[in-house]
There are 2 protein chains.
Amino acid sequence: MSDTPDKTQDRLYQDLARSLMEELASGRYPIGARLPAERELATSYNVSRPTVREAIIALEVQGLVEVKVGSGAYVRRLPGKEDLPGFNITAFELTEARLLFEGEAAALAATQASDEELDGIERLVEAIARENQQADGAEKSDREFHLAIARATRNTAIYNAIEHLWDLRATSPEAALLHEKARSANIKPVVDEHTAVLTALRNRDPGAARAAMRAHLAQVIDSLLFATEERAIEEARRTAQAKRARYQSAP
Amino acid sequence: MSDTPDKTQDRLYQDLARSLMEELASGRYPIGARLPAERELATSYNVSRPTVREAIIALEVQGLVEVKVGSGAYVRRLPGKEDLPGFNITAFELTEARLLFEGEAAALAATQASDEELDGIERLVEAIARENQQADGAEKSDREFHLAIARATRNTAIYNAIEHLWDLRATSPEAALLHEKARSANIKPVVDEHTAVLTALRNRDPGAARAAMRAHLAQVIDSLLFATEERAIEEARRTAQAKRARYQSAP
DNA sequence: CAAGAGAATTGGTAAGACCAAAAGGAAATG
DNA sequence: CATTTCCTTTTGGTCTTACCAATTCTCTTG
């Protein structure tokens, strides 16, 4: 098992899609411009037309281009670095963002959530407690708990953004690993923190909900720091002594 | 010109992709399950294999499935309603989310931004003032202003999320239209609001930065409300009298 | 029973063909 | 001369066939 256990290779269309995205990023094709015809791209890139079609569809699904039948593919927006493969975010950045955003979401949810939604959240808190006892580390209910609160804001944009942050964790192997390690080292407290959030929601107290959610995620950041130290020490043991001091001093 | 001026039709692969997503949502293929082979899907859906490939690539780009060469396509995650086409977010939801998130981002930026970044933000405020005088309604600098603040948080996840919210506006024709209308009706105030945010940032005052940004976006929401009423009246004039009262009473 | 070689399955890509929509220009028309 | 109409060209949409490569299955073999 390497760092990336099951990397799926091949996929020629991905190479072409990446090349085209770089062309877009270079400014060669500004917004509104038309890309060369599929047949032209096929010959210039030495691939078949189906491959070109696949690449363009990849861009289309990401909202980068718009294909008009009989006319061509037109640039819709320019790619940012988050569109490029290998885009990773630190677990700390992710959790800091969640601290801010989910704190506000909890505050809003305190004023918007229905009693039924609060009941559902309470069941999720219980589910989290059960999962923690099993110790096989399922964080599914944890995710659902946070997303249920986001949903209770009745604001699709907020829910969408917070769900996006959770998904980002999965795209970053490092972040996922760190979270897993943090979870195994620190289990009990999260139950109390979750119930604190729920209580604030039931009391319809936005400020308390925000504070409880922030406290919870601040605790997560702490455990991430702890796990980072652990990981650093592990690596230091495994590698040369020279690296040891450096990793231990890193927060 | 109808409500959707340039709807691109056809695209058989999209129909198939949607069908497959519905299959995933139905639970028929749980996470980790393998989809039928491309050739099987082609025959069962009465399409060609290239079309099946295109549909699967659409799912792959969205992170719904993972394709393993020589093995098959495996379910990676289940689709939510935000994955389905026709997913639109209200301009109000969008701005409410921005009010909460960008408020926090401004507060964080007040403690993190470098002097150079603040200078850059100041230049953007000036650019916004210039664009407003031209009255041809370019909101490019406005976007840059908000994104510069998000970037000043030094947190990629926060920047990414806020940029995502801005991009969502483009995907929703209704939201874009409403914003355009709101802009044309209400120009002057935004300059003062932007300078207020900048001043708070320069003073390194997180609370003031949050408050200024929230005030600014609250103002945007107000102008959206105003524009909504305008639009309602316009439509009412254009359509039958019977509809008139109904639209006018809608907030 | 285990290990290895071969066959079957599956995705990856190419090439060619034909259809339908769109765009551009030429000809007919007012 | 301007406008409209129609036809040709371009372009994307889809299908079919074919072959290659990676994987998986199966059956033989020691």
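Side chain to side chain, Y13(A) and E60(B) meet the donor-acceptor criterion of an N or O pair below 3.5 Å.
With distances taken from any side-chain atom of E54(A) to the nucleotides dG12(D), dT13(C), dC15(D), the minimum falls on dT13(C). Here dT11(D) is the nucleotide among dT13(C), dT11(D), dT10(C) with the atom lying nearest to any side-chain atom of R34(A). For R39(A), the side-chain atoms get nearest to dC18(C) when compared with the rest of dC18(C), dT10(C), dA14(C). Side-chain atoms of S71(B) lie closest to dT24(D) of the nucleotides dG12(D), dT24(D), dC15(D).
Here dC15(D) presents its P atom at 15 Å from OH of Y45(B), a figure rounded to the nearest Å. Rounded to whole Å, atom P of dT10(C) lies 13 Å from atom CG of L35(B). Taking atom CD of E66(B) as the reference point, atom C1' of dT23(D) lies 14 Å away to the nearest angstrom. Across the protein-nucleic acid pair, K68(B) atom NZ and dA21(D) atom C1' stand 17 Å apart, rounded to whole Å. Between Y74(A) atom OH and dA22(C) atom P there is a gap of 11 Å when expressed in whole angstrom units. Protein atom CD of E60(B) is 15 Å distant from nucleotide atom C1' of dT10(C), rounded to whole Å. Rounded to whole angstrom, the span from the CG atom of N46(A) across to the P atom of dT13(C) amounts to 14 Å. Taking atom CG on L16(B) and atom C1' on dT14(D), their separation rounds to 13 Å, with Å as the unit.
Taking only side-chain nitrogens and oxygens, S48(A) comes nearer than 4.0 Å to OP1 or OP2 of dA14(C).
For the pair G72(A) and P50(A), nearest-nucleotide mapping onto DNA chain D gives the more 5' position to G72(A). Along DNA chain C, the nucleotide closest to T51(A) and the one closest to A73(B) are compared, and the more 5′ of them pairs with A73(B).
With hydrogens and angles left out, the side chain of R53(A) and the base of dG13(D) share no donor-acceptor pair within 3.5 Å. You'll find a donor-acceptor pair under 3.5 Å spanning the side chain of R49(A) and the base of dT14(D), going by distance alone.
Side-chain atoms of S71(A) never come within 3.5 Å of backbone atoms of K68(A) as a donor-acceptor pair (strictly under, hydrogens ignored). Side chain of S223(A) to backbone of V220(A): a donor-acceptor contact under 3.5 angstrom is found.
Using a cut-off of 4.0 Å between Lys/Arg side-chain N and Asp/Glu carboxylate O, E163(A) and R143(A) are scored as salt-bridged.
Each of L35(B), L20(B), V65(B) was scored for a side chain to side chain contact (heavy atoms under 4.5 Å, CB included) with Y29(B), with one residue passing: L35(B).
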